[in-house]
Amino acid sequence: MPCILLTGATGYIASHTWLALQAAGYSVVGIDNFVNSSPKVLERLHTLGGQVPQFVQGDVRHALALDRAFELGRDQFGGVDAMVHFAALKAVGESTQIPLDYFENNLGGLLSVAQALKRHSPDGASKPLVFSSSATVYGNPERLPIREDAPLTSTNPYGSTKLIGENILRDLEQCDPSWHIAYLRYFNPVGAHPSGQIGEDPRGIPNNLMPYVAQVAVGKRPHLNVFGKDYDTPDGTGVRDYIHVCDLAEGHVAAVRYLLDKRASLTVNLGTGQGYSVLDVVHAYERASGRPVPVEFAPRRAGDVAACYADAGLAAKLLGWRARLGLDDMCTDSWRWQHLNPQGFEG
Ligand code: NAD
Ligand code: UFG
């Protein structure tokens, strides 16, 4: 079976994708510099996947580190057949504080990854690459649900790295048709592996809703601040398209299969198509955990949109992929991970 090289491999989404690829029969090699993840993820991947993870510790901006990962793929599995580029810094607020670091890491990393894939592909051979993009490229959406042909814009440096990243790769495809790229625009990934052994382990105070709610439910924080209660939404709080990380991982398996079979590019939303409000999430989490999640209403968070959810039809049509898990599954699996690992991987 083909071998897939994952960058950012010990991160939240990549670690779930690693297991999904292995379960689908693919071989996997990973690279990560642990800037936002723990080496302990590798022990859990070993236990859950039943195979020693083939892994290189290194920064994707360093050509030699990527070369080592390609060599590992060649030595263990006869060569790398496709790449999934997850490695990036991803905190919107932080990106406004240290924009240059975001450009350097996310865009420098992307260029270095593309150079390595080119370097390690024979002349004219297909270069299959999955790019982790984001619903953030839609900015403040004009129409809901959001289709892939909606106007694109960026509202912060992190979003710019995703939009510019997509544009760089589109130019590359135009210049050289051997690039086959899957632009996957994720909506709001949440939840955890049903084993409770891997999940999202944010450092410091969580920026995102579900990890924050999880920490309130487990007693680490007293209450959730709900940012805004006067949006034009059914209950006045922000609406998002939450997608279970295991469904998202399956979306990557489908995208890799598409690239290898069809030798063509595609751009798709990975979401459920269903929007839930902040209060919907809070109530679902209370049900899943059996714990109270006290809330306090706070002003709107700068840069937030009222509602954002996907038209998930194109991914179903092109990839034959649809999200299967609902909000209750997302909360149940998040809670299992949270209460089995109250201190995350370092506990
Ligand atoms: P994450 O931080 O858990 O994973 C990213 C991984 O990349 C981390 O393990 C980090 O250590 C690694 N990394 C970062 N820079 C690196 C570098 N220069 N060299 C090597 N490794 C490096 O984040 P995630 O939530 O799993 O996100 C994965 C991808 O999906 C990112 O590209 C992110 O922008 C994108 N994305 C995430 C979300 C979300 O809400 N989680 C939404 C849309 C898009
Ligand atoms: N929210 C709160 N309180 C919190 C945290 C969040 O009320 O403590 C609200 C937000 O105001 C928003 C909703 O919960 O209405 C979801 O917020 P998140 O921060 O979890 O998610 P966002 O939709 O703002 O952003 C996420 C990622 C971005 C990505 C975007 C689209 O953080 O990087 O999804 O994929 F671009």
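All ligand and atom numbering here is 1-based and tracks the order in the structure.
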Check: N225 N/O within less than 3.5 Å of ligand 2 N/O: yes

Between Y158 and T136, do the side chains contain an N or O donor and an N or O acceptor separated by less than 3.5 Å? no

Between K40 and E346, does any side-chain N to carboxylate O distance fall below 4.0 Å? yes

Relative to ligand 2, is Y158 under 4.0 angstrom through side chain, backbone, both or neither, heavy atoms considered? side chain

Under a plain distance cut-off of 3.5 Å, with no hydrogens placed, do D67 and H120 share a side-chain donor-acceptor pair? yes

Ignoring hydrogens and angles, state whether a donor on the side chain of H180 or S265 is under 3.5 Å from an acceptor on the partner side chain. no

Hey, is ligand 1 close enough to A87 that some N/O pair sits below 3.5 Å? no

Counting heavy atoms under 4.0 Å, the part of K162 that contacts ligand 1 is side chain

Do the side-chain N and O atoms of R336 and S289 include a donor-acceptor pair separated by under 3.5 angstrom? no

Can you sort out which atoms of ligand 1 are near G58, meaning under 4.0 Å from one of its heavy atoms? 19 (N), 20 (C)

Would Y186 count as a polar contact of ligand 1, with the cut-off being nitrogen or oxygen pairs under 3.5 Å? no

Does a sphere of radius 6.0 Å around CG in D232 hold more than 12 heavy atoms from other residues, nucleotides or ligands, not counting ones at 6.0 Å or beyond? no

Main-chain N/O of D329 paired with T332 side-chain donor or acceptor, under 3.5 Å: no

Between V35 and ligand 1, does any nitrogen or oxygen pair lie at a separation below 3.5 Å? yes

Under 4.0 Å from any heavy atom of Y158, which atoms of ligand 1 are there? 33 (C), 34 (O), 35 (C), 36 (N), 44 (C)

Is it the case that the side chains of T96 and N156 hold a donor-acceptor pair, with the cut-off being a distance below 3.5 Å and no angle test? no

Are a donor atom and an acceptor atom from the side chains of R44 and N341 found within less than 3.5 Å of each other? yes

Atom 10 (C) of ligand 1 has as its nearest protein heavy atom D32 OD1, 3.4 Å

Contact between ligand 2 and Y242 is defined here as a heavy atom of the residue under 4.0 Å from a ligand atom; is it met? yes

Would you mind telling me if ligand 2 is within reach of the side chain of F297, the backbone, both or neither, using heavy atoms under 4.0 Å? neither

Pick one of side chain, backbone, both or neither for how V281 approaches ligand 2, counting any non-hydrogen atom pair under 4.0 Å. neither

Which of the ligand 1 atoms, numbered from 1, are nearer than 4.0 Å to a heavy atom of N33: 11 (O), 13 (N), 16 (C), 17 (C), 18 (N), 19 (N), 20 (C), 21 (N), 22 (C)

Looking only at protein heavy atoms, which one is nearest to atom 7 (O) of ligand 1, and how far off is it? G8 CA, 3.3 Å

So, do F86 and W18 have ring centers that fall under 6.0 Å from each other? no

Determine, step by step, whether Y186 and Y138 satisfy the ring pair (Phe, Tyr, Trp, His ring centres under 6.0 Å) criterion, reporting the C-alpha distance in whole Å, the side-chain angles of both residues, the deciding distance to 0.1 Å, and the verdict. CA-CA 11 Å; Y186 314 153; Y138 297 119; over 10 Å; no

Heteroatom proximity flag, F227 to ligand 2, N/O under 3.5 Å: yes

Looking only at protein heavy atoms, what sits closest to atom 3 (O) of ligand 1 is Y12 N, 2.9 Å

Taking E94 first and then R203, would you say they form a salt bridge - that is, a charged N and a carboxylate O separated by under 4.0 Å? no

Minimum-distance protein heavy atom relative to atom 27 (O) of ligand 1: I13 CD1, 3.8 Å

Just let me know how A135 lines up against ligand 2, side chain, backbone, both or neither, with a heavy-atom cut-off below 4.0 Å. both

Going by distance only, is there an N or O of S133 that falls short of 3.5 Å from an N or O of ligand 1? no

Starting from atom 15 (N) of ligand 1, what is the nearest protein heavy atom, named by residue and atom, and what distance separates them? N105 ND2, 3.1 Å

Heavy-atom pairs closer than 4.0 Å: do any link ligand 2 to the side chain of L224, the backbone, both, or neither? side chain

Which one holds for N208 and ligand 2: side chain close, backbone close, both close, or neither close, with close meaning a heavy atom under 4.0 Å? both

Any idea which protein heavy atom is nearest atom 41 (N) of ligand 1, and the distance to it? K90 NZ, 3.7 Å

Please report which non-hydrogen protein atom sits nearest to atom 2 (O) of ligand 1, along with the residue it belongs to and the distance in Å to one decimal place. N36 ND2, 2.7 Å

Mind checking whether L89 has an N or O less than 3.5 Å away from an N or O of ligand 1? no

Go through the steps for E250 and R257 under the test salt bridge (charged side-chain N to carboxylate O under 4.0 Å, His left out), then give the verdict. CA-CA 11 Å; E250 292 301 334; R257 195 176 290 131; over 6 Å; no

Determine, considering heavy atoms only, which of F131, F34, Y242, F86 sits nearest to atom 29 (C) of ligand 1. F86

Option whose closest heavy atom lies nearest to atom 5 (C) of ligand 1, chosen from G159, A88, S134: A88

Would you verify whether the NZ or CZ of R221 falls within 45 degrees of the ring axis of Y212 while also being under 6.0 Å from that six-membered ring's centre? yes

Ligand 1 atoms nearer than 4.0 angstrom to some heavy atom of S37 are 8 (C), 9 (O), 11 (O)

Between L209 and ligand 2, which residue portion shows a heavy-atom distance shorter than 4.0 Å: side chain, backbone, both, or neither? both

Check for me whether G109 has a heavy atom closer than 4.0 Å to any atom of ligand 1. no

I31, any N or O under 3.5 Å of ligand 1 N or O: no

Polar contact flag for V278 and ligand 2 (N/O pairs, less than 3.5 Å): no

For atom 21 (O) of ligand 2, which of T233, N188, T155 has the closest heavy atom? N188

Could you check whether atom CZ of R324 has more than 12 heavy atoms from other residues, nucleotides or ligands sitting under 6.0 Å from it? no

Judged by modelled atom types alone, do T237 and K229 share a side-chain donor-acceptor pair under 3.5 Å? no

Y12/H193 aromatic ring centres below 6.0 Å: no

Specify the protein heavy atom at minimum distance from atom 40 (O) of ligand 1: its residue, its atom name, and the distance to 0.1 Å. P189 CD, 3.3 Å

S133 versus E166, side-chain donor and acceptor atoms under 3.5 Å: yes

